[in-house]
Amino acid sequence: MYEGNMGKLCRKLLKLLQLAVVLGLGILICLPVLLLFFGSLADGIEWTGRMQPLLLDTMDYISWKWIPDYPTLENFKELLFLTPEFLALFWNSVKIAACILAGQLLVGVPGAWCFAVYDFRGRNILFSVYVILMLLPFQVTMLARYLVLNGLGLLNTHAAVILPAVFSTFPVFLVYRGFRSLPKELYEVARIDGAGEWIIFSRIGLPLAEGSIMAAFVLGFFEVWNLMEEPLAFLKDMSLWPLSLYLPEIGADQAGRACAASVLTLTVSLLVFGLFRDSLEQGIISSALKG
């Protein structure tokens, strides 16, 4: 009896320890977000007092308070109603993200279907090349992209950012694993019943692999919404920049506005994650376990 009680006590202590570790890590991860949020509520005068050592280039330390002395929404008001360039760059980000995600669905999903369902010569080699391309960083392919886009006359246009991203290999790889997890007997039975390839793809493949497709959509949005290197390399006109390039242009004397811009940018990502969280989790789990 004593050993049984000790075992229960140890299990409870272990669960409490795990909970404490998870909560501690969660708080640590959320600290930068809380820092941005409370910083966005501080007015310009308070920020000037905090940042004075940095602005004056002195050896003193920057002071910080979690909760501002006089919280205000002035920074958000200035961004949303008195800063036209912020709204212009915001809609640039929306346009770029929408076009890229739509293109990836139109190109990547059928491509993943072909790799997963059809047997053709060189399929494994071609798919291996796709995976290798997915692992290459932007710095490796930047020069080749620049030369191609320059030859097509697309530099300094949104197409220079959109078109290469539409043919990204990541959604093909992720959705491929979702299609691959489906039993091939489904396709064979459908063909025996007289269903065409388009019917099989649209009425069997797409509904059953919806989780993987939504996971690719959400992860693709997070990547596209935070693009920095591609727009910076291919877009010279600042009016074409996405919102991700707006923050580096804000000076140290506008720290409150920078925090507010970061909060607004992060809010969009949080909304997308909140709306599609279940689909994202199910898609990733399905692709990992059955792929």
Side-chain angles (χ1 to χ4, degrees), residues 92-138 140-142 144-155 157-182 187 196-231 233-235 240 242 244 272 276 279-280 283-284 286-287 291:
N92 285 341
S93 288
V94 172
K95 173 186 175 182
I96 292 173
C99 292
I100 290 176
L101 294 176
Q104 287 182 351
L105 291 178
L106 292 175
V107 175
V109 175
W113 174 262
C114 292
F115 278 121
V117 175
Y118 301 117
D119 291 325
F120 54 89
R121 181 177 299 178
R123 184 188 68 173
N124 294 334
I125 296 176
L126 185 58
F127 188 75
S128 298
V129 172
Y130 254 68
V131 175
I132 293 173
L133 290 176
M134 183 179 66
L135 300 176
L136 293 178
F138 171 72
V140 175
T141 61
M142 180 177 64
R145 292 189 189 185
Y146 185 90
L147 295 175
V148 172
L149 294 171
N150 185 49
L152 296 175
L154 297 178
L155 287 179
T157 66
H158 283 155
V161 178
I162 294 172
L163 287 180
V166 164
F167 297 96
S168 172
T169 58
F170 177 72
V172 177
F173 173 77
L174 190 59
V175 179
Y176 162 84
R177 296 179 66 85
F179 285 139
R180 196 69 174 174
S181 66
L182 304 179
Y187 315 139
E197 297 302 318
W198 171 252
I199 298 297
I200 297 174
F201 170 67
S202 60
R203 297 189 180 181
I204 297 178
L206 291 182
L208 293 179
E210 180 182 359
S212 297
I213 296 173
M214 291 305 301
F217 175 84
V218 176
L219 294 176
F221 174 82
F222 292 151
E223 179 182 4
V224 171
W225 187 252
N226 298 304
L227 280 180
M228 292 192 67
E229 295 174 327
E230 292 85 345
F234 302 141
L235 301 178
L240 298 175
S244 54
V272 172
F276 300 103
S279 299
L280 176 63
I284 293 177
S286 175
S287 298

Practice task
Would you sort out whether F115 and F173 count as a side-chain contact (heavy atoms from CB on, under 4.5 Å), showing the intermediate values?
Solution key: CA-CA 9 Å; F115 278 121; F173 173 77; over 6 Å; no
Exercise for the section: Could you give me the CA-CA distance, side-chain angles and deciding distance for F201 and V117, then say whether side-chain contact (heavy atoms from CB on, under 4.5 Å) is met? Expected result: CA-CA 10 Å; F201 170 67; V117 175; over 6 Å; no
Practice task
Assess whether atom CD1 of I125 is packed by more than 12 heavy atoms of other residues, nucleotides or ligands within 6.0 Å.
Solution key: no
Practice task
Answer whether the closest heavy-atom distance between the side chains of S93 and W225 falls below 4.5 Å.
Solution key: yes
Exercise for the section: Indicate the atoms forming the closest heavy-atom contact of P164 with A159, along with that distance. Expected result: CD-O, 3.8 Å
Exercise for the section: Please name the pair of heavy atoms, one in S244 and one in M228, separated by the smallest distance, quoted to 0.1 Å. Expected result: O-CE, 3.8 Å
Practice task
Could you pull out the closest heavy-atom pair between R180 and A116, with the gap in Å?
Solution key: NH1-O, 2.8 Å
Fill in the blank from the handout: Heavy-atom nearest pair, L154 first then L163, reads CD1-CD1, 3.6 Å
Problem - Side chain to side chain, V140 and P137, heavy atoms closer than 4.5 Å - result: yes
Handout entry: 4.5 Å side-chain heavy-atom contact, I100 and F221
Key = no
Handout entry: For the student: nearest non-hydrogen atoms of A165 and Q104, plus distance
Key = O-NE2, 2.9 Å
Practice task
Please determine which of Y187, W113, Y118 meets the side-chain hydrogen bond (donor to acceptor under 3.5 Å, both in side chains) test together with E197.
Solution key: Y118
Problem - Pair Y176 + Y130: ring centers closer than 6.0 Å - result: no
Problem - Side chain proximity check, F179 to L206, heavy atoms < 4.5 angstrom - result: yes
Exercise for the section: Answer whether the closest heavy-atom distance between the side chains of L219 and E223 falls below 4.5 Å. Expected result: no
Handout entry: N/O donor-acceptor pair under 3.5 Å between H158 side chain and L240 backbone
Key = yes
Practice task
Look at atom CZ of R203 and say whether more than 12 heavy atoms of other residues, nucleotides or ligands are closer to it than 6.0 Å.
Solution key: no
Practice task
Could you pull out the closest heavy-atom pair between A216 and V175, with the gap in Å?
Solution key: CB-CG2, 3.8 Å
Exercise for the section: Start with the C-alpha gap between V172 and F167, add the side-chain angles, then the distance that decides, and say whether side-chain contact (heavy atoms from CB on, under 4.5 Å) holds. Expected result: CA-CA 9 Å; V172 177; F167 297 96; over 6 Å; no
